[in-house]
Amino acid sequence: MSADMAGDDRRDGRRETGAGAHPILEAKDLVVNFYTYEGVVKALNGVSLTIPHGITFGLVGESGCGKSVFVRSLMGLVQEPGRIDGGELIFYPGPPSGDGPVQGVDLLRQPESYLQRIRGDRISMIFQEPNAALNPIMTVGEQVAESFLFHRVREMSEKIAADLGAGGGRTTGPVKAVLRVLCGISARNPHARVLRVLNRVPVLKRWRRRLLREALSRSAELLGRLGISNPEEVIRRYPHNLSGGMKHRIVIAMALACKPVLLIADEATSNLDVTIQAQILDLLKGLKETEISSVLLITHDLGVVAETCDRVGVMYAGNVCEIANVGELFRNPRHPYTQALLNAVPKMAQTGPLESIEGTVPNLVDPPPGCRFHPRCPNAGEPCREVFPEMREMGVGHRVACYFPVEDIG
Amino acid sequence: MGPFILRRLFFLIFVLFGVSVLIFGILMSFSPERRAAAYITTPQQAKDLPRLVRTYGLDDPFYIQYGRWVGEVAAGNLGWSLVAAQPVWTAFWMYFPVTLELNLYAAPLIIWFGIWLGTRSAIHRDDWFDHLSRVFAIIGWSLPTFLFALVLLMVFYGYFRMFPPGIIGDETALYIMNHPESFSRYTGMVTVDGILNGNWRVALDGLRHLVLPVTTQVIVVVALLMRVMRSGMIEELSKDYVITARAKGADDRTVHLRHARKNALIPVVTVAGQLVAFSMEGSIAVEVVFNRQGMGWWLAESATQLDMPVLMGMCLFMGLVFVITNLVIDILYAAIDPRIRLV
């Protein structure tokens, strides 16, 4: 993968997104390796994709193909022994409505403090196991409130200061004046060191309590909007008191608190039963209209993709092999792997046995040279064994990395 | 919670019955003459052995002897301690404050230091801090207590004359004896009494005698707690809710202290409770080397001289300590972990 490929990608990115739309995220040649005792696991082998603003982008592939590693590297949350060894991740955090192009930032070249500000605020993530994703010994309210406490202290202190100014409540006289000073400090710099010290002083602790109360009431209001009845009571409960569907909504609420521009749903509906899955997908669809601009949906369920996504990327063994709009991909898959994947989905009218893909997913410590799919590919030829095929445009907004694509039927 | 505590305290009766039958049974494996021999101090008295056995009913059947002991205990008589040359009850209040005072300082230090070290070395896993604290833990854990205590004593008393052994200095002891009207012994613990009487000279002298034994106790015991804390913390840090917290934009401090550490404390509470309970028995090595006559010293002496009333009294005491400790641990569990309900 080389620089000219990255340039190529950017050009295509513009075309794919259609008139007027900006990309929200561009991954260029992203390489992630895991340094384990068994050897170096080449989890992402130069992944390039562009997620346009305002759509739902699906990322599909078998388990272990690198979908989750990809989104974790977006969030800067690749865990030990994993390491991002190359590439660029350009994120466009600004508001999309402005004139002219939005300034992009390369997330891989930002300090941790910047990522902390972005995470949960501009990009946020919904996890696949709400059971494990919630801290068992914190109330639901505290956990949702954290999102506000991490990113909305400034705004909330201004509100508290305004409330104090409006009068009412028990706080009077000098205490009130001091609390207003504290609000002033935190409105200017929410992470001021002074605050951490002052928060331990008995009377001044009240300021922290007010902040927490404000965050909790925002959380309750948010849960109400997500269709949880009786949110005031729910925020006082612990995760183990809630049903699976409820917990899922809580996890979604944590991600939505600050209205991110990009929401990542990592297998968010995979382990749910069908009715709850439908509910959650409807909820996400509704939120997509109102609260968030773009969704990156990671799944292995092609049904979910067909129902919710606008554009789809197919991944295999650490590479993206095909990207297309959803209708195009299902109607006219060009990569042999995509075709095999689609054939493996059971159909109502099916008479013969279910098709599967021959062979197994390669071991990423020692992946096959060239195209990583070639050992299982019916079309594999000489070049496939040697050099990885570059992404090529095959139709409008339809990009495939294959030397011998499946016949075009579009 | 009230009924829970009452029920647990009710079970205490069965625990005490169980341990006392067990210990009494083991002591019965000594022959009646062997047990009577404890009361003989001169060769002339040796011919009284059969008479002694008969007077104290030492050759009666097990259940009669046990019943006799239970009857006495129920009447409030724990017996006579040969080692202390006092009634067991009185001797207990002489030795127990010495051990309690040591633990009063050692236990909080062990708990605080163990949690702090474990947390830090889990966060900085495989860093120099982690390696250093693990080496420290292994040394503390595997070094014989008496050897470590002796080395400390040799350096800080033998060379520097800073921290003497014993419980209290001669001058201070004299002062207390000569001023009974202005210095009252509320607790039997030198430092605590000194503070309660507002007498800093006594308090500081007590503290000076405590430095070395407390240091020994902390260094020897902290390793276990630190390792439990470290492994608990490492496990918690790998859990999904930590990633969730990071994905929300949490800083390291919040992730480590607010999310992971509180979860990791659950097993630590158990270990810390057991450690505190065990140390109420007194560390024999520490008490012997530093010449502090506390529970450990008394127990060791009584065991070698087959001082039966003391051994039986001690087993009641330890049963009590363990039941109460477990009760406190369970209450703490429920306070930390909302999933646990006290029923």
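Throughout, protein chains are lettered first and strands after them, A, B, ... in sequence-line order, and every chain is numbered starting at 1.
For residues 317-338 of chain B, heavy-atom neighbours of chain A at less than 4.5 Å comprise B:Ile336, B:Asp337, B:Pro338, sorted by residue number. Contacts of residues 118-130 of chain B with chain A at a heavy-atom distance below 4.5 Å are absent; not one residue qualifies.
Figure legend: cation-pi geometry between A:Arg83 and A:Tyr35, with NZ or CZ positioned under 6.0 Å from the six-membered ring centre and within 45° of its axis.
In this structure, B:Arg341 places its CZ atom where only 12 or fewer heavy-atom neighbours from other residues, nucleotides or ligands lie under 6.0 Å away. For B:Phe4, the CZ atom counts as densely surrounded, since its 6.0 Å shell holds more than 12 non-hydrogen atoms of other residues, nucleotides or ligands.
In this structure, the side chain of A:Arg152 engages the main chain of A:Cys258 through a donor-acceptor pair within 3.5 Å.
Minimum heavy-atom separation, A:Ala255 to A:Met125: CB-O, 3.7 Å. The two atoms that bring A:Ser73 and A:Leu89 nearest to each other are O-CD1, 3.5 Å, heavy atoms only. Here the closest non-hydrogen pair linking B:Val220 and B:Thr145 is CG1-OG1, 3.8 Å. In terms of heavy atoms, B:Ala137 sits closest to B:Ala223 at O-CB, 3.2 Å.
By number of non-hydrogen pairs under 4.5 angstrom with chain B, the leading residue of A:Ser147, A:Pro260, A:Ala132, A:Ala257 is A:Ala132. By number of non-hydrogen pairs under 4.5 angstrom with chain B, the leading residue of A:Gln79, A:Glu112, A:Arg117 is A:Gln79. Chain A forms more heavy-atom pairs under 4.5 Å with one residue of B:Val242, B:Asp252, B:Thr254 than with any other, namely B:Thr254. When each of B:Lys239, B:Glu236, B:Arg258 is scored by its heavy-atom pairs under 4.5 Å with chain A, the top score falls to B:Arg258.
A:Arg72 touches chain B through its side chain: at least one heavy atom from C-beta onward sits under 4.5 Å away, while N, CA, C and O do not. Interface residue A:Asn135: backbone and side-chain heavy atoms are both found under 4.5 Å from chain B. For A:Glu80, no part sits under 4.5 Å from any heavy atom of chain B, backbone or side chain. For B:Ile340, no part sits under 4.5 Å from any heavy atom of chain A, backbone or side chain.
A side-chain donor-acceptor contact under 3.5 Å links A:Glu146 and B:His259. Counted by atom type alone, A:Gln116 and A:Ser113 present zero donor-acceptor pairs between their side chains at under 3.5 Å. Residues B:Glu101 and B:Thr191 bring a donor and an acceptor atom of their side chains to less than 3.5 Å of each other.
Between A:Glu158 and A:Arg154, none of the side-chain N atoms (NZ, or NE/NH1/NH2) sits under 4.0 Å from a carboxylate O, so this pair counts as no salt bridge. A salt bridge does not link A:Arg210 with A:Glu214: every distance from a Lys NZ or Arg NE/NH1/NH2 to an Asp or Glu carboxylate oxygen is 4.0 Å or more.
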